[in-house]
Protein chains: 2
Amino acid sequence: MPHPKVREDSLLEALQGVFCRHGFEGASLSLIADATGLQRASLYHRFPDGKAGMAVAVLERVLATFGSTVLAPLSKPGDPAARVRQTAKQLGEFYAGGKRSCLLETLSLGAPAPAVRAAVQRALRAAIDAFAAVARECGASPAEAARRAEQALVEVQGALVVARVSGDIKPFERVLKALPERITGD
Amino acid sequence: MPHPKVREDSLLEALQGVFCRHGFEGASLSLIADATGLQRASLYHRFPDGKAGMAVAVLERVLATFGSTVLAPLSKPGDPAARVRQTAKQLGEFYAGGKRSCLLETLSLGAPAPAVRAAVQRALRAAIDAFAAVARECGASPAEAARRAEQALVEVQGALVVARVSGDIKPFERVLKALPERITGD
DNA sequence: GTCTATAGCTTGATAGAC
DNA sequence: GTCTATCAAGCTATAGAC
């Protein structure tokens, strides 16, 4: 593809926005066409598997960028607490300070295609594993590390939902601030 | 209405299930008709405002039953911690042990009608206020009580999302177990 | 690689018989 | 109060020109 009208990256970014705001069933192709600037037929050329293929592609790209930006500090050397603080900061940017919903939530609603479900689960697993690895470094047992990582994910997801419903991002900010101690165990 | 084919209560219960699983945009009238056993036209007779009216009716009914069962222990006399424990137990049943999503989450996705948005916000506010009142009884300042109540809601919502994505209800069970100390402050 | 055009179905909602 | 029948508009997806 020498001259795509819309580059892969901005295409996926626009797709992400729509899936983020409307979920899988709510993301109609008209909405997607408007957001991407491509016609329906062009979208099917880029994503032969249709809407499900678009969702999987978005999830895979998010998993990649999420890993290389948000989760990257977690697997670097240095003080664990400082690394988690850095990741908390990245999380704040990734979710636009709490104003953006998480694809794992929005794309898991309804009856998504099996490929979408699987991609969502992979992404959640990756995030949990990354947090758990840091907790282990802090001396937690495997079971305890998993518990802390899951709790961290629970709080982030919950804060995003509460923020969407209430319009109040303060709970999200508090969750991010408390994130390091949730992982290190104080 | 002397002889409705489907009684108001079971009608709303079926509606709740569909909105719960699919959200507002994903809950099509065909899905709703199948779940309720009524034809589309009959649904419009019962809910002249259409799908938005159905969602609001479900939210109002849930707010009522939620208040009279789940939140009721919170406003009774007696040991605050014991009352929150009772509410945690009720929460577990209300959300089917973590296998059922929360309407506040599913109905806030997409671009719901203003009336739906408002009903969702009212319900969230009622839950937060009920928890905050107990926290105040335990000696928390208004600001601290609000913080604890919001944190409790955040954890419940987050655990339900994680449970839906991963199929693992253990984080939800842990959240319920920790709920009393979240409110009382230990 | 993108487009216009269209197929075929489903959507939310209404009209009117019973 | 529920139904069948229907509407216009929306939907996902495809065909084929450029």
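In what follows, every heavy atom counts, from backbone to side chain, and hydrogens, waters and symmetry copies are set aside. Proteins come first, then strands; the chains are lettered A, B, ... in the order of their sequence lines, and each starts at number 1. Keep in mind it's a predicted model, so treat the numbers as computed, not measured.
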Separation of atom [atom1] in [X] from atom [atom2] in [N], rounded to whole Å:
X	N	atom1	atom2	answer
R7(A)	dT2(C)	CZ	P	11 Å
H22(A)	dG10(D)	NE2	P	15 Å
R46(A)	dA13(D)	CZ	P	18 Å
E25(B)	dC11(D)	CD	P	10 Å
Q39(B)	dT11(C)	CD	P	13 Å
F47(A)	dT14(D)	CZ	P	15 Å
E8(B)	dT2(D)	CD	P	11 Å
H45(A)	dT2(C)	NE2	P	7 Å

Closest nucleotide among [options] to the [X] side chain:
X	options	result
S42(A)	dT2(D), dA13(C), dT2(C)	dT2(C)
P4(B)	dC3(D), dT2(D), dT12(D)	dT2(D)
A41(B)	dT4(D), dT2(C), dG12(C)	dT4(D)
Y44(B)	dT4(D), dA13(C), dT2(D)	dA13(C)
K5(A)	dA13(C), dT12(D), dT2(C)	dT2(C)

Any donor-acceptor pair under 3.5 Å linking the side chain of S108(B) with the backbone of L104(B)?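 Yes, because the side chain of S108(B) sits within donor-acceptor range (under 3.5 Å) of the backbone of L104(B).
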Below 30° counts as parallel, above 60° as perpendicular, anything between as tilted: where do the rings of F19(B) and F24(B) land?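 Judged by the thresholds at 30° and 60°, the geometry between F19(B) and F24(B) is parallel.
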Check whether any side-chain heavy atom of [X] sits under 4.5 Å from a side-chain heavy atom of [Y], and report yes or no.
X	Y	result
R46(B)	L11(B)	yes
V56(B)	F47(B)	no
R83(A)	D79(A)	no

What nucleic acid atoms does [X] come within less than 4.0 Å of, heavy atoms only: base, sugar-phosphate, or nothing?
X	answer
R40(A)	base
S28(B)	sugar-phosphate
A27(A)	sugar-phosphate

With DNA chain D as reference, determine whether P48(A) or S30(A) sits nearer its 5' end, using the nearest nucleotide of each.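 First, find each residue's nearest nucleotide; the 5'-ward one identifies S30(A).
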Pairwise 5' ranking along DNA chain D for L29(A) and V6(B), keeping only the more 5' one: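 Whichever sits nearer the 5' end wins; that is V6(B).
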